[in-house]
Colleague: 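Okay, here's the structure, questions in a sec.
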There are 2 protein chains.
Amino acid sequence: MPVKKKKGPPYPVETVGLDVLEDTLSFYIRSINIALSRDLDDRLEGLDVARGTGKITTLLLVDSHPGIRPSVIAQLIMRDRSAMGRLVDQMIDHDLITRRNAPDDGRAQELHITEKGADLARKVRKIATKQSSDFFAGVPEKDQKRLLDILRRVYRRTAGLDQ
Amino acid sequence: MPVKKKKGPPYPVETVGLDVLEDTLSFYIRSINIALSRDLDDRLEGLDVARGTGKITTLLLVDSHPGIRPSVIAQLIMRDRSAMGRLVDQMIDHDLITRRNAPDDGRAQELHITEKGADLARKVRKIATKQSSDFFAGVPEKDQKRLLDILRRVYRRTAGLDQ
DNA sequence: TACTTTTAGTGGACAAACGCAACTATTCTG
DNA sequence: CAGAATAGTTGCGTTTGTCCACTAAAAGTA
């Protein structure tokens, strides 16, 4: 006599094959991106820099490259200049960076970090590296390096930074 | 006598160091995700499935798992049920899938592919795999596999599919 | 010098997407 | 049967980002 069949969905989540996506960059990148963003938002709770869509990169770049220009950052984070402008506005409101006109180029601006921004940058650095290693838990050191190398190469190429 | 200094920005894009982000998963994932999404949108031009935010995964999953439930897909693409519902609505409008009530569970639904959906799925499979290999251009076969393995592991863990 | 083109930044309008919370209906647990 | 959990729907609000037009300045050209 057959065991009573349990109801449940025809394809339980754990066992669903992902079709070709199983071997595809885009799917994992997209999904992991979602997970990573949410996780990061949690970790940044209340830190003036939540919703880390570019704010974090901007903060760290301004901190480590005093006088860097908005348009340069825009290119690195792959946003257009208007989006970047708004991002800068926000961060100025939060007193994290300052904006001044470039002395040698009337079109351009220079961004500088504030006290508060620098403090935050220190915290964010810790958080970002911690998150990275948490997500890599269980992945051998050597593979981590290898993975980052590959991602770096792909990134530089697609951002148009190479050649 | 010094060479005439060229003007240009203080930190040209190509040379800007990314601070700790240089060694951080989140930055690359986020950026590559942007690049990948835009590129994919281009390749899907006019294909009824543009803005591939989950549509692609849904399409392929429904195609390869007839009767799969919305909530299962939602979990795989990390969205909440309401977002998933709207996604399904759209795809039904585009005549890519159909929705019917599950015979054995009054709460649930079953999704099925349409003719048109199946056609599209075939095309999308080609496009997705092509894109993946394009982005991997220059990365040795072996490293590609390795990378996908790691991403898969990270994904499965963060999606709560393992253990 | 006068022109044209390119680059940097701003502002507005618009749209798409997502999450949350509340609600219904069904099923499961005990 | 009562209460908890699950599937799906709907409305609401927010965020985010893209497109486009516009100004100002600099670079290229002749």
Side-chain angles (χ1 to χ4, degrees), chain A residues 4-13 30-31 33-35 37-38 41-42 49-56 58 67-93 97 99-111, chain B residues 4-13 30-31 33-35 37-38 41-42 49-58 67-94 97 99-111:
Chain A
K4 174 123 181 277
K5 209 163 73 188
K6 201 131 161 270
K7 193 142 64 174
Y11 304 95
V13 198
R30 196 173 7 242
S31 307
N33 181 48
I34 296 175
S37 304
R38 286 183 192 153
D41 283 349
D42 290 347
V49 88
R51 299 258 154 255
T53 333
K55 287 205 197 75
I56 289 142
T58 303
I68 194 171
R69 302 195 175 160
S71 54
V72 169
I73 302 182
Q75 197 172 340
L76 289 171
I77 62 177
M78 301 186 183
R79 294 226 192 330
D80 79 349
R81 292 196 310 281
S82 74
M84 188 65 221
R86 281 182 267 263
L87 214 161
V88 170
D89 290 342
Q90 278 185 48
M91 299 185 65
I92 291 178
D93 284 346
I97 61 177
R99 167 169 46 196
R100 73 177 69 139
N101 294 328
D104 61 328
D105 186 336
R107 300 165 298 183
Q109 303 173 345
E110 294 183 342
L111 301 178
Chain B
K4 174 122 181 278
K5 212 169 67 193
K6 200 128 161 277
K7 192 139 70 170
Y11 304 95
V13 197
R30 195 171 7 240
S31 306
N33 181 48
I34 295 175
S37 303
R38 287 184 192 155
D41 283 349
D42 290 346
V49 87
R51 299 255 154 256
T53 334
K55 289 205 195 73
I56 289 143
T57 310
T58 303
I68 194 172
R69 302 193 177 161
S71 54
V72 170
I73 303 183
Q75 197 173 339
L76 289 171
I77 61 178
M78 301 186 181
R79 291 220 190 341
D80 78 348
R81 293 195 311 279
S82 72
M84 188 66 220
R86 282 181 270 260
L87 214 162
V88 170
D89 290 341
Q90 278 184 48
M91 299 186 64
I92 291 177
D93 284 347
H94 287 316
I97 62 177
R99 164 169 48 196
R100 73 177 68 140
N101 294 327
D104 61 328
D105 186 336
R107 300 164 297 181
Q109 303 173 344
E110 295 183 343
L111 302 177

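In the text below, chain A, chain B and the rest are named by the order of the sequence lines, each starting its count at 1. Note that the coordinates shown come from a computational prediction; the quantities given were computed from them, not determined experimentally.
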Colleague: Would you kindly give the CD-to-P distance between B:Glu110 and D:dG8, to the nearest whole Å?
Modeller: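 Checked: the CD to P distance equals 11 Å.
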Colleague: A:Glu110 and A:Pro103: which non-hydrogen atoms are nearest, and at how many Å?
Modeller: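 Distance-wise, the nearest heavy atoms are OE2-CD, 3.5 Å.
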Colleague: Atom CG of A:Asn33 and atom C1' of D:dT16: how far apart are they, to the nearest Å?
Modeller: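 Spelled out: CG on A:Asn33 to C1' on D:dT16 is 14 Å.
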Colleague: Grab the CG-P distance between A:Asp41 and C:dC18 for me, whole Å please.
Modeller: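 It is 15 Å, rounded to the nearest whole Å.
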Colleague: Below 4.0 angstrom, N of the basic side chain to O of the carboxylate: do A:Asp104 and A:Arg69 qualify?
Modeller: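 Salt bridge present between A:Asp104 and A:Arg69.
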Colleague: Can you tell me how far OG of A:Ser71 sits from CG of A:Asp80, rounded to the nearest 0.5 angstrom?
Modeller: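 So the gap between those two atoms works out to 12.0 Å.
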Colleague: Please assess B:Asp89 against B:Arg99 for the test side-chain contact (heavy atoms from CB on, under 4.5 Å), listing each intermediate value before the final yes or no.
Modeller: CA-CA 9 Å; B:Asp89 290 341; B:Arg99 164 169 48 196; 2.8 Å; yes
Colleague: Working to the nearest 0.5 Å, report the span between CE of B:Met91 and NE2 of B:His94.
Modeller: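 The NE2 atom of B:His94 is 9.0 Å from CE of B:Met91, to the nearest 0.5 Å.
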Colleague: Taking the side chain of B:Arg86 as heavy atoms from C-beta outward, which of D:dC12, C:dT27, D:dT9 is closest to it?
Modeller: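 Of the candidates, D:dC12 comes closest.
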Colleague: Quickly work out the B:Arg69 CZ to D:dA7 C1' distance and round it to whole Å.
Modeller: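 After rounding, the reported distance stands at 9 Å.
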Colleague: Starting from C1' on C:dA25, measure out to CZ on B:Arg107 and report it in whole angstrom.
Modeller: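 About 9 Å, once rounded to whole Å.
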Colleague: Test side-chain contact (heavy atoms from CB on, under 4.5 Å) on B:Leu111 and B:Ile73 and set out the steps.
Modeller: CA-CA 10 Å; B:Leu111 302 177; B:Ile73 303 183; 4.0 Å; yes
Colleague: Please determine whether side-chain contact (heavy atoms from CB on, under 4.5 Å) holds for the pair B:Leu87 and B:Thr58, giving the CA-CA distance in whole Å, both sets of side-chain angles, and the decisive distance to 0.1 Å.
Modeller: CA-CA 9 Å; B:Leu87 214 162; B:Thr58 303; 4.0 Å; yes
Colleague: Please give me the minimum heavy-atom distance between B:Pro70 and B:Met84, naming the atom from each residue.
Modeller: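 Reported closest heavy-atom pair: O-CG, 3.4 Å.
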Colleague: Tell me the bend of the helix from C:dT1-D:dA30 to C:dG30-D:dC1 as the angle between end helix axes, each from five pairs, rounded to the nearest 10 degrees.
Modeller: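 That helix gives 40° between its end axes.
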Colleague: Just the rounded figure in Å: distance from P of D:dA7 to CZ of B:Arg99.
Modeller: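 Going from B:Arg99 (CZ) to D:dA7 (P), I get 16 Å.
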Colleague: Taking DNA chain D as the partner, which of residues 74-84 of chain B come within under 4.0 angstrom of it by heavy atom?
Modeller: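 Only B:Arg81, B:Ser82 qualify.
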Colleague: Atom CG of B:Leu87 and atom P of D:dA7: how far apart are they, to the nearest Å?
Modeller: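 Computing the B:Leu87:CG to D:dA7:P distance gives 18 Å.
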Colleague: Can you tell me how far apart CD1 (A:Ile77) and NZ (A:Lys55) are? Round to the nearest 0.5 Å.
Modeller: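 Rounded to the nearest 0.5 Å, the CD1-NZ separation comes to 10.5 Å.
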Colleague: When you measure from the side-chain N and O atoms of A:Gln109 to the phosphate of C:dT10, is any distance below 4.0 Å, counting only OP1 and OP2?
Modeller: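 Indeed, a polar side-chain atom of A:Gln109 lies that close.
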Colleague: Rounded to the Å, how far apart are A:Asn101 CG and C:dG9 C1'?
Modeller: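 Going from A:Asn101 (CG) to C:dG9 (C1'), I get 10 Å.
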